Visitor: 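Just passing along the structure, written as C-alpha cells.
Atoms within a ligand are numbered from 1 in the order they appear, just like the ligands themselves. Keep in mind that what you see is a predicted model, and the values were worked out from it rather than measured.
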Amino acid sequence: MPQAVTTTVYVVPHTHWDREWYATFETFRAQLVELWDQLLVLTEADPDFRFLMDGQTVVIDDYLEVRPEAKTRLEAAIRRGQIQVGPWYTLPDEFLVSGETLVRDLQRGIASADAHGGSMRVGYLPDSFGHAAQMPQIYRQLGFAHAAVWRGVPLAIDRVAFTWEAPDGSGILTAYMGNSYSHGVDLPTEPAALATRIAAALKAIEPFRPAGDVLLMNGNDHVLPQAALSAAARGASGRLDGTVIRLARLEDYVATLPEQGWPRWRGELRSSARANILMGTLSVRAPDKQRYFTATVALERMAEPIAALTGIDATGALDQAWRLILQNAAHDTACGSGIDAVAEASGERSAAAFEIAEQLVARALPLLAGAGQVWNPSPFPRQDLVEVDGALVLTPVIAGGSVSELTTTRPLIPARAGGTRLENAHLACELHSDGTLAVLDRQTGLRYPGLVQLVDQGDAGDEYNYSPLASDRQPADPLRRLTSQVEEAGPLRARLVAHYEYAVYSGLSDDRRARAEVETTLPIQLSLSLEADKPRLDVELEVPSTACPRPVAVSGIAFRRRHPVSRDGTSRDRRAARSRGARGGAADVSHVVVR
Ligand SMILES: [Zn+2]
C-alpha cells in the first residue's frame, strides 16, 4: 500500500532577472531572449512544467521587443498557468525610491501581466535589500493575501511564514524564504539523486518548519529552466516516504499556509541576521541618486499634478516618464551596485524623465498662472521668493494650490550679510576660518557651534558595504585656503559663498589595510543662504567626487552635522527641525551635492 502523503514539496522553477547589473541591459537581454525561447518550447511540450518569471513584467516587454512574433505563444502559456508573471513591473529597491514609485510599479506590473494573460498576486520581492514598513499596507490595498521575502527578516521570525504588519495595522501572511530564493537551484535530474537532494533540503528547512508543506525555489540569478526536472520530480516522489514532489506555482504553495498561528512582525525588515542587506548601497553613487530623486520629484510633485489641474493632454508623456523612473527603480539600478556603464544608462533615463516633466510643466504652468501671477504648488499656505526677470520678489502669503497676483511685498525684518556673517530675525550665522558654522537661534537663545564639519574616512569596501580601514589617518590641517564672499547682501536673501581646499589621502596600500601616501586636494564650495522672515538656513556643500582617483579607495567625505540637543535631552534631527515650520528655530541643513 502506498504511504499517506504527509509532505508536499512545492518546487518553484524560476529565474531572478537583474535587468542590468554586472553586465549591461543588452548583454543580459540577449540571455533573456534565450531563456524565453527555451521556456516557451518547454511549457508547450510539458504540461506539468511551471515557471515563475521573477515577479516582474518588464522582462516581457524586453523579450517581445526582440521577438514580437512570440506574443501569442507567451500569452497562451501564461493563461494556461504555466508561466507566472507580475505583480511588479521592475523589482524595486524599497528605500531608494518614493512611495508613489512603489505603488506605480505594482500598478503597471499588474496591468501589464493581466493584459498578457493574468498577474500573480503575491507580494514577491526575492532579492530586495530589506523591506519597507508600509509594504503590507500597499499589498493589502491592492487585494493581495500573501507576500514572499528573503532578506531583512529578523531572528525573531523562526518559521517559514509570519504575519507582517504595516504601521497602520494592515497584516499580510508572508512566506519567508529563509534559505534564499536559490536554495533549490540546479537540482539533479536523475530521480535518485533528486530524492537525496530533496531530503537534504527538508533537513535544512526543519528548524523553520515544525510541520506542513515545503517551498523549494529552483532558480537563481539569470538561470535558465531545467527541462528534465518535471520527469525527475515524478520519479523522485516515490523514493521519499510520505513526500510528494511537484513543480508548482508560488501561489500554489502560499495557498497551503494556514491563516493563523504564525509569529508576527510589525514594521520594516532590515535585519542582517541571516542575509546581508548590503546597506552601503544606500549611499554609493550619490550623484546618480540625487539626479534620480530630482527627476522623480519633478514628475510626481510637479508635472503630473499640474497636468491634471490644467487638463492638458499629457497621458503619453507621463506614461513614458514613469516607465523610465520605474526602470531605474530596479534594485541593482537604484542602488548603484552595477558597473559604470549601467550607471550611465540609468543617468540617461533620469535625465530623460526630468526633461519630459520639465516640458510638461512649461506647457501647463501658463494655464494656471498668467503674467504677473504666481501659483503655490504646495498644499499649504506659503510665502516665498520667486525670480522675475533675474530679480527676487517676495510673494504675498498664498493659500495652498492657489494663484495670486505677484504684488511686491516687503519683508518684516530683512536678512543681511556682511563679512562672514549672515543674519535675520530668527538666526545669526558665523562662518569660521576652520570652515565650520556657528548658528545662534535668536528665538530660544540656543547656540549650535561646529556645524558642517568634514570628516574623511577611508573605505576598503565595495559598492555594497563600507569597510573601515584597520589604520586610518588624515593629512594634517586638511582644510586649506578658505575664502568667502557675500554674493547677496539682502534684504530678501543674504547669501555667502565660501571656497576652500580639503586634503585627503587617496588610494589604498597594497594590502588594503591602510591609506596610500598619495595626497589629493578636493576643491569644496559651501553656499549659505538665509531669507528674510524665515527660521531656516540653507546650506549647499559641493564635493567633487571625481577628484578622487578611485571612489572606492577614498571614501566620499562624510558630512557630519552635530545635532543640537534640545532641553529635554533628545537629539533634534533634520526632519524635526523642518516639521516645526515657521515656529521653529534650529538651523536646518539643506543638502550635500557630490559632483
Ligand atoms: Zn537582484
Visitor: For the Zn ion (ligand 1), what is the closest N, O or S atom on Asp18?
Guide: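 Asp18's closest N, O or S atom to the Zn ion (ligand 1) is named OD1.
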Visitor: Short check: any N/O/S atom of Asp127 below 2.8 Å from the Zn ion (ligand 1)?
Guide: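 Yes, since at least one N, O or S atom of Asp127 sits under 2.8 Å from the Zn ion (ligand 1).
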Visitor: Report yes if the distance between the aromatic ring centroids of Tyr181 and Trp150 is under 6.0 Å, otherwise no.
Guide: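 Here the rings of Trp150 and Tyr181 have centres that are less than 6.0 Å from each other.
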Visitor: Would you mind checking if Glu251 and Arg121 are paired as a salt bridge, meaning a charged N to carboxylate O distance below 4.0 Å?
Guide: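 Looking at Glu251 together with Arg121, the answer is no, because their closest N to O distance does not fall below 4.0 Å.
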Visitor: Any chance you could lay out the ring pair (Phe, Tyr, Trp, His ring centres under 6.0 Å) test for Tyr22 and Phe28, step after step, and finish with the verdict?
Guide: CA-CA 9 Å; Tyr22 60 83; Phe28 280 134; 5.1 Å; yes
Visitor: For a distance under 2.8 Å, tell me if Asp332 has an N/O/S atom near the Zn ion (ligand 1).
Guide: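 No, since none of the N, O or S atoms of Asp332 sits under 2.8 Å from the Zn ion (ligand 1).
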Visitor: If you take the centroid of each ring, where Trp contributes its six-membered ring, are Phe51 and His14 closer together than 6.0 Å?
Guide: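 No - the distance between ring centres of His14 and Phe51 does not fall below the 6.0 Å cut-off.
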Visitor: From the N, O or S atoms in His331, identify the one nearest to the Zn ion (ligand 1).
Guide: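 Closest N, O or S atom of His331 to the Zn ion (ligand 1): NE2.
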